[in-house]
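A short write-up of the structure that comes next.
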Amino acid sequence: MLKIWSMKQQQQKDEQAASGGVRKKKVTAAQLRVQKDLSELSLGSTMKTDFPDPDNILHFILTISPDEGMYKSGVFTFTFNISQSFPHEPPKVKCVQKIYHPNIDLEGNVCLNILREDWKPVLNLNAVIVGLQFLFLEPNASDPLNKEAAEDLARDREGFKRNVRSSMAGGGVRGVTYDRVLK
């Protein structure tokens, strides 16, 4: 047994010497799963991903530009931070801009059930991205993070639409000034 171990060590030294002393990084299970999920993504023309650090696929940016619904013509940026426990833990997703939305609070936290209690390891990044896209098509007033926006949506849909337009242009709603997100 000892002889096999010393042979393995010698083989590693030889491989390292042959590669100029450069060690290969080990790929984690989370990285493999994210790589698989990303390769299976089918992003339409309204979405794109960006990797600020090409060597780190566990941290990336998703941009959504809805082409229909109340949030049409907006550009919304989300950061994805994925832990080494993925897919057993959901990704951490935050909206970069301060926007007026019942399911996104002023700090950028996103209320999407599959990012919390309904997460299961069989879900993938595509499910999360589709969920985010759906939030812009059909905001959900019954499960809010921004209670004021949810109340407006539930009480007066047309007023809510006006508030969305105003906030997307960088205006204020109920004393809060929002980031300009229009194209």
Side-chain angles (χ1 to χ4, degrees), residues 1 4-5 8-9 11-12 15-16 19 22-71 74-150 153 179 181:
M1 178 87 162
I4 294 172
W5 177 252
K8 179 74 173 163
Q9 284 181 320
Q11 182 182 13
Q12 287 174 336
E15 286 173 3
Q16 218 175 352
S19 65
V22 178
R23 284 190 149 190
K24 279 188 172 179
K25 288 183 187 173
K26 288 199 175 189
V27 179
T28 66
Q31 289 170 318
L32 286 172
R33 173 62 187 271
V34 169
Q35 194 170 28
K36 177 184 180 291
D37 285 4
L38 290 172
S39 72
E40 293 173 352
L41 279 183
S42 55
L43 298 178
S45 61
T46 61
M47 296 181 282
K48 73 175 183 113
T49 54
D50 182 45
F51 295 85
D53 178 359
D55 292 332
N56 187 356
I57 64 170
L58 298 182
H59 303 287
F60 65 93
I61 296 169
L62 172 73
T63 303
I64 299 177
S65 307
D67 59 359
E68 58 183 294
M70 293 179 243
Y71 292 89
V75 179
F76 306 95
T77 306
F78 293 87
T79 57
F80 277 66
N81 289 303
I82 301 168
S83 78
Q84 291 295 339
S85 300
F86 184 80
H88 301 287
E89 280 182 16
K92 305 271 187 268
V93 179
K94 276 195 161 273
C95 185
V96 173
Q97 298 91 355
K98 186 192 305 185
I99 64 171
Y100 177 77
H101 194 292
N103 309 108
I104 300 172
D105 69 15
L106 300 179
E107 286 79 45
N109 298 307
V110 179
C111 184
L112 187 61
N113 61 339
I114 62 170
L115 289 175
R116 301 178 318 192
E117 71 276 358
D118 289 344
W119 177 258
K120 292 175 179 41
V122 297
L123 293 171
N124 59 19
L125 292 176
N126 197 53
V128 174
I129 291 170
V130 168
L132 289 173
Q133 190 177 28
F134 190 71
L135 285 180
F136 288 109
L137 294 174
E138 282 299 322
N140 182 0
S142 64
D143 189 19
L145 276 182
N146 182 332
K147 293 191 185 339
E148 291 81 16
L153 176 59
D179 293 340
V181 294

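None of these values were measured; they are calculated from a predicted model.
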Per-pair distances, 0.1 Å, donor-acceptor, side chain in residues 124-138, under 3.5 Å, sequence neighbours excluded:
residue, atom, partner, partner atom, Å
Asn124, OD1, Asn126, N, 3.1
Asn124, OD1, Ala127, N, 2.9
Gln133, NE2, Thr46, OG1, 3.4

ask   = Taking C-beta and beyond as the side chain, do Phe78 and Ile104 meet within less than 4.5 Å on heavy atoms?
value =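 Yes, at least one pair of side-chain atoms sits under 4.5 Å.
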task = Using a 4.5 Å cut-off on heavy atoms from C-beta on, say whether the side chain of Asn140 contacts that of Pro102.
result =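 The answer is no; the side chains never approach within 4.5 Å.
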Separation of [Y] [atom2] from [X] [atom1] (nearest 0.5 Å):
X	Y	atom1	atom2	answer
Asn103	Leu112	CG	CG	8.0 Å
Gln84	Gln31	CD	CD	5.5 Å
Lys120	Ile114	NZ	CD1	10.5 Å
Leu106	Asp179	CG	CG	10.0 Å
Lys48	Leu43	NZ	CG	11.0 Å
Asp37	Phe86	CG	CZ	4.5 Å

key: Check: Trp119 side chain, Pro87 main-chain N or O, donor-acceptor pair, under 3.5 Å   =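 It does hold such a pair.
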Without placing hydrogens or testing angles, list every side-chain donor-acceptor pair under 3.5 Å for residues 57-71, not counting sequence neighbours.
residue, atom, partner, partner atom, Å
His59, ND1, Asn81, OD1, 2.4
Tyr71, OH, Tyr100, O, 2.7

Using every non-hydrogen atom in the two residues, find where [X] and [Y] come nearest and quote the distance to one decimal.
X	Y	value
Asp143	Arg116	OD2-NH2, 3.2 Å
Ala149	His101	CB-C, 3.9 Å
Cys95	Val110	N-CG2, 4.3 Å

Qualifying residues under salt bridge (charged side-chain N to carboxylate O under 4.0 Å, His left out), relative to Asp105, sequence neighbours excluded =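 So Asp105 forms no salt bridge (charged side-chain N to carboxylate O under 4.0 Å, His left out) with any residue.
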